[in-house]
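Because only heavy atoms are used, hydrogens play no part in the values below, and waters and symmetry mates are left out as well, while side chains stay in. Residue numbering restarts at 1 for every chain, and letters A, B, ... go by the order of the sequence lines. Since the model is a prediction, treat every value here as computed from it, not as a measurement.
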2 protein chains.
Amino acid sequence: MPSAPTTRRPKTLKQRYLAPTVDLSAVIMAATPDEPRVLAVRVDQLEGLPSGPLQSQHRTLEMGLRTWVAEQTQLTLGYVEQLYTFGDRDRTEADVPGTGHALSIAYLALVREARPAGLVHAAWRNWYNYLPWEDWREGRPQALKVIEPALEAWARSGGKALRTFREERIELTFGFESGTWTDERVLERYELLFEAGLVAEAFRDAQPSGSAKMRFAPGQWMALDHRRILATAIGRLRGKIKYRPVIFELMPASFTLLDLQKTVEALSGVRLHKQNFRRLIEMQGLVEETGEISAETGGRPARLVRFRREVLVERPAPGVRLPRLR
Amino acid sequence: MPSAPTTRRPKTLKQRYLAPTVDLSAVIMAATPDEPRVLAVRVDQLEGLPSGPLQSQHRTLEMGLRTWVAEQTQLTLGYVEQLYTFGDRDRTEADVPGTGHALSIAYLALVREARPAGLVHAAWRNWYNYLPWEDWREGRPQALKVIEPALEAWARSGGKALRTFREERIELTFGFESGTWTDERVLERYELLFEAGLVAEAFRDAQPSGSAKMRFAPGQWMALDHRRILATAIGRLRGKIKYRPVIFELMPASFTLLDLQKTVEALSGVRLHKQNFRRLIEMQGLVEETGEISAETGGRPARLVRFRREVLVERPAPGVRLPRLR
DNA sequence: CACATTAATACTCATACTGAGCATTACTGA
DNA sequence: TCAGTAATGCTCAGTATGAGTATTAATGTG
């Protein structure tokens, strides 16, 4: 009986074996009530994410990541979660023919203090510098004025079947017709823009093809495929805050309900109904009063609250959808 | 200004650079209304998941995976999604000191036909052979009779603080006290059992320590850390069916509502309320009638239905929780 | 110092969604 | 014809949600 290949290094490959390189990269996020932030470092003249190669002495991948981040930015990470492993050839200029794959294992990390950081040039940046179309807090983002017609042109540029397919995908991710904006579909939107050639990263060697000089979607680009990683992280975070109390990883020890709401709004990029937001938070027992009162509200002073850890044990996870029996 | 390490291979490391090996592994799932299945192959005398090393000629990771699976099992995968990258040293016996990391990028794949498969010895197996405590369809699983006291003993074996911490975690994942079973927490439960030394995989070199001969939790074990990967996949799938119509990747072209319900039950491991399940499915417009009728129901014949693709465009994603404004 | 401003808080209300059941209908097999 | 097994229809009460209106407590201003 032939046996399946195992995890051991293959000995008798036909092709010459080219070892892959493995990078660990971190999307480190923080937030104020006004601004969602990501830590950016300088990579090859561009902004990028803190990252470093996986080394044999790293006991776990996560520890490797923490080590790199500490070294590069002086930050000690709290909440860390693996995001995705990127490694397709032909997606970044780091892919040199005749070498192995350049893998990048991306992590999402949430930190509280927004103190800038250390060893390499690093700075906190507003997410929406990179993905301006994702911020709907002040209404429909300006960026869409360029994006919508450009995507439509892209859809029209294909054959009939292709066109319908593309239009459907555009509608699904951007919801131009129906007006349905799904905050979590950040990656899908970015990928669509990438495929449509609307982000600079799509042209690593070649220039934008065609005679009609194409305009990119607004938004600063990043090194390698870091903007894609950022989009993945934002989408994940936006989804997660809905069913796990992760926002509190970004909040100070005590805060007002409006602070909390504003922060959630900053992350999700949409405005929320104030009274109902409070009702939801309170009913779920997510917070408890500290007894103190904040004066700096501008209006009536607000109670300060803190996260109630107990909910973790109490509720399974808000947002389960199956109609249970018994 | 010092510049951050980039994705290029490091040239001047203090340590000798030991290239990691990278495996692609697949959790391939199928389901009948009675049984959720996973495709298992033989790995080192044990059952394991189909997998193979990433090779430089694979254009994308996913294509590499598909190639391996096709070669080993003759299956052509449809729906494929990346799960997680495992690579901690000291988790599997594949970690040999003096070598690089043994990474394993795991994928979840869903297929329709349950026809067994090809080149290597491969067979469809019931999930619950490996994780019997996850199946609550016939009431509280027997397996918990062994697990509950063992976990409690484990909690008690620590100091006071450790004990509380462990008890809380046990409650959170298994919900013995409150009776709250959260179907998606499959990985958390497996990891807990692993840490408590209740699964065989936890002892790759050493024998179970201590004089009191420990009993393992029921359930067949798998090669390397494949059972962990399986747990990850099940958890992901259980979560996903609640907000994306992925069950249909596992269903035949047409089916009855009871078939659908039974399949969902098989995957999630719990029983559902029939009338309400139907109401939910129909209200969401997830299916449409084919016009045909199935006779083999045993009772009154049932309408056959098929998946309505249009919902993908219509609804953003059932299960959004933010209180929107306007 | 009364008043406009700015928020925090309290409530209300109609509608939608859910969990549990009861009732009826349509086949098959003995 | 009756028992067994499901498919389908419908009801009902309890919750949750989306949208507002109303009230309260500070601050800064002429």
Evaluate the criterion side chain to side chain donor-acceptor pair (under 3.5 Å) for residue pair A:Ser178 and A:Glu171; output intermediate values, then yes/no. CA-CA 8 Å; A:Ser178 64; A:Glu171 182 54 28; 3.0 Å; yes
In whole angstrom, what separates [X]'s [atom1] from [N]'s [atom2]?
X	N	atom1	atom2	value
B:Lys274	D:dC10	NZ	C1'	16 Å
A:Phe277	D:dA16	CZ	C1'	16 Å
B:Arg278	C:dG21	CZ	P	18 Å
B:Glu265	D:dA6	CD	P	13 Å
B:Gln284	C:dA16	CD	P	16 Å
B:Leu260	D:dA7	CG	P	12 Å
A:Ile281	D:dA16	CD1	P	15 Å
B:Glu282	D:dC10	CD	C1'	14 Å

Output the single nucleotide from C:dG21, D:dG18, C:dG19 whose closest atom is nearest the side chain of A:Asn276. D:dG18
B:His273 side chain: which of C:dA20, C:dT9, D:dT8 is closest? C:dA20
C:dG19 base to B:Arg279 side chain: any donor-acceptor pair below 3.5 Å? yes
Taking atom types as they are modelled, would you say the side chain of A:Gln275 forms a donor-acceptor pair with the base of D:dT17 within the 3.5 Å cutoff? no
With sequence neighbours excluded, residues passing salt bridge (Lys or Arg N to Asp or Glu O under 4.0 Å) with B:Glu152: none
Residues in side chain to side chain contact (heavy atoms under 4.5 Å, CB included) contact with B:Pro245, at least two apart in sequence or another chain: B:Phe248, B:Leu286, B:Phe307, B:Leu312
Partner residues of A:Asp34 under the side chain to side chain contact (heavy atoms under 4.5 Å, CB included) criterion, sequence neighbours left out: A:Thr32
Ion pair check, B:Glu134 and B:Arg238, cut-off under 4.0 Å: yes
Is it true that atom CZ of A:Phe165 has more than 12 heavy atoms of other residues, nucleotides or ligands lying nearer than 6.0 Å? no
Per-nucleotide protein contact string for nucleotides 24-30 of chain D, where B marks a base within reach and S marks sugar-phosphate only (heavy atoms under 4.0 Å, - for neither): BBS----
Name of the residue among A:Trp181, A:Phe174, A:Tyr128 meeting ring pair (Phe, Tyr, Trp, His ring centres under 6.0 Å) with A:Trp136: A:Trp181
Judged by each residue's nearest nucleotide on DNA chain C, which is more toward the 5′ side, B:Ile293 or A:Arg303? A:Arg303
In terms of heavy-atom contacts, A:Thr290 and A:Val305 come closest through CG2-C, 3.7 Å
Those residues that, when tested against A:Tyr130, pass ring-ring contact (aromatic ring centres under 6.0 Å, His included) (two or more places apart): none
Just how large is the angle between the end axes of the helix from C:dC1-D:dG30 to C:dA30-D:dT1, five pairs per end, to 10 degrees? 10°
With sugar-phosphate meaning primed atoms plus P, OP1 and OP2, does B:Leu258 contact a base, only sugar-phosphate, or nothing at under 4.0 Å between heavy atoms? sugar-phosphate
